[in-house]
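A note on names: the letters A, B, ... follow the listed sequences, proteins ahead of strands, and every chain is numbered from 1.
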Amino acid sequence: MKIAMINGSPKSKDSISGQILKELKTCINNDATYTDYQFNKPQPSEEALLTLNDFDILVFAFPLYVDGIPSHLLSCLEKIQNSGLANKNITVYCIVNSGFYDGIQNSNAVEILHNWCRHMGLKWGMGIGIGGGGALLSMSGVPLGKGPKKSVGLAFTQMAKNIEQKSSSDNIYTNINFPRFLYKLMAQLGWRQLIKLNGKKAKDLNYRY
Amino acid sequence: MRLIITDTDASFLKTNSEDMVITNNDKIHNCIGCFGCWIKTPGKCVITDGFEEMGKYFSKCSELILVSKCTYGSASPFVKNVLDRAISYIHPDFVIRNGEMHHKRRYSNKIKLSAYYYGENILPEEKETAKQLMQANVINYDGEVGKLAFFQSSEELRGVVL
């Protein structure tokens, strides 16, 4: 089985989407071969356009942007559609993460990718939407399925099972297992810390033009 | 002021003299996810390509109108790119709105969001996604829902009062 892991983050390194794909791989039990792609620009690489056809599975991971797919990734999807994929025997999965605590807020982004599959004639596997994604990088040392990553681990296990069999099931919208009020507070403290590192004051966060 | 963002050349759109119309000049860069618009130059994007002040323009408008090819239920890449570059319109802090977590307002204006989508083969599922997406955007902008309409081609928008 050949699996393409497509990181749709706009960041070229240290992205949450990259971490997500790495962790998902650990859940999949087969002797698949993996190829990693970085879709962080509006144009997929020539290599990607030529080789995506050869895969059994495409797994996309990307951050939520304005309730949808980041524009550069949307552009890539459009270009792949224009280029065409002759192989219709491909199953597509995706994992969207957002800073919002509620995983369901990723649902439109998942549906947009599902609609792309409809146009492409590809099979839809499943999508996962993760709320509280902003905290995942700091939890990279926590094992999947434990503590704050318990529910995320369960969702990844379901997706991995589907991937092993090229099967489909309902999308899962979940979040980190961490109290919402504390996540909100830590995010606020985080922004204040970061803006001060940039030589500004906390009140500058409120700047209006 | 109405802010119209379109992937067409806008020449045939029925606009008013007070409207601000944003079209594609092939200079826009995609958001790079650096959060600079919140923590380096709050309220403004750090990428200087002419689209760095989109957040400010959002703050001056009463209606945001998207005229776009329907792309899988979303606005097209250019129009979505402009929306992505306007993240500075909102504040990084979270609030609870409608029982869910959303970003706090930076500004006080209430945006009415309308979208006019065109495309030869818009699937029923895409129309439903577009409707849900608009509602999600409105909640996140803390605005209100305007019009949502679908056309077979951009040409059909000629003469349509936005």
What I'd like to find out is whether the side chain of [X] reaches to under 4.5 Å of the side chain of [Y], using heavy atoms alone.
| X | Y | answer |
| --- | --- | --- |
| A:Leu205 | B:Pro92 | yes |
| A:His72 | B:Asp84 | no |
| A:Glu111 | B:Tyr72 | no |
| A:Glu78 | B:Lys69 | yes |
| B:Thr129 | A:Ile112 | yes |
| B:Pro77 | A:Leu74 | yes |
| B:Lys80 | A:Tyr65 | yes |

**OP:** Output yes when a side-chain donor or acceptor of A:Arg208 lies under 3.5 Å from a complementary backbone atom of B:Arg106, and no otherwise.
**Re:**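 Such a contact is found between A:Arg208 side chain and B:Arg106 backbone.
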
Nearest 0.5 Å please: distance from the [atom1] atom of [X] over to the [atom2] atom of [Y].
| X | Y | atom1 | atom2 | value |
| --- | --- | --- | --- | --- |
| B:Asn81 | A:Ser75 | CG | OG | 8.5 Å |
| B:Glu128 | A:Asn108 | CD | CG | 9.5 Å |
| B:Ile122 | A:Asn115 | CD1 | CG | 11.0 Å |
| A:Tyr209 | B:Tyr57 | OH | OH | 11.0 Å |
| B:Lys40 | A:Leu197 | NZ | CG | 11.0 Å |
| A:Asp67 | B:Ser74 | CG | OG | 10.5 Å |

Original post:
Can A:Tyr101 and B:Glu100 be said to form a side chain to side chain contact (heavy atoms under 4.5 Å, CB included), step by step?
Top reply: CA-CA 8 Å; A:Tyr101 188 79; B:Glu100 289 177 337; over 6 Å; no

If you take all heavy atoms of [X] and [Y], which pair is closest and at what distance?
| X | Y | answer |
| --- | --- | --- |
| A:His119 | B:Glu126 | NE2-OE1, 2.9 Å |
| B:Met101 | A:Arg180 | CE-CG, 3.6 Å |
| B:Gly33 | A:Pro10 | N-CG, 4.1 Å |
| A:Ala187 | B:Phe94 | CB-CE1, 3.7 Å |
| B:Ile32 | A:Lys11 | O-CG, 3.9 Å |

**OP:** Report the C-alpha separation of A:His114 and B:Glu125 in whole Å, then their side-chain angles, then the decisive distance to 0.1 Å, and conclude whether the side-chain hydrogen bond (donor to acceptor under 3.5 Å, both in side chains) test is met.
**Re:** CA-CA 9 Å; A:His114 192 166; B:Glu125 293 89 348; over 6 Å; no

Subject >> Segment of A:Ile104 engaging chain B (4.5 angstrom heavy-atom cut-off) >> reply: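 Contact with chain B is through the side chain of A:Ile104 alone.
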
Original post:
Given that the side chain runs from C-beta out, which part of A:Arg192 has a heavy atom under 4.5 Å from chain B: side chain, backbone, both or neither?
Top reply: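 It is the side chain, since no backbone atom gets that close.
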
Original post:
B:Trp38 vs A:Trp191 aromatic rings, parallel, tilted or perpendicular, using cut-offs 30° and 60°?
Top reply: perpendicular

Answer yes or no: does atom [atom1] of [X] have more than 12 heavy-atom neighbours from other residues, nucleotides or ligands under 6.0 Å?
| X | atom1 | value |
| --- | --- | --- |
| B:Lys110 | NZ | yes |
| A:Lys88 | NZ | yes |
| A:Lys2 | NZ | yes |
| B:Glu156 | CD | yes |
| B:Met1 | CE | yes |
| A:Lys25 | NZ | yes |
| A:Asp170 | CG | no |
| B:Lys131 | NZ | no |

Where on [X] is there a heavy atom nearer than 4.5 Å to chain A: the side chain, the backbone, both, or neither?
| X | result |
| --- | --- |
| B:Val95 | backbone |
| B:Asn140 | side chain |
| B:Leu133 | both |
| B:Ser76 | backbone |
| B:His102 | both |
| B:Ala130 | neither |
| B:Phe35 | side chain |
| B:Lys44 | both |

Original post:
Among A:Gln105, A:Lys200, A:Gln188, who wins on heavy-atom pairs under 4.5 Å with chain B?
Top reply: A:Gln105

Subject >> Top of B:Thr71, B:Ile87, B:Ile96 for chain A proximity - count of heavy-atom pairs under 4.5 angstrom >> reply: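 Looking at each of B:Thr71, B:Ile87, B:Ile96 in turn, B:Ile96 comes out on top.
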
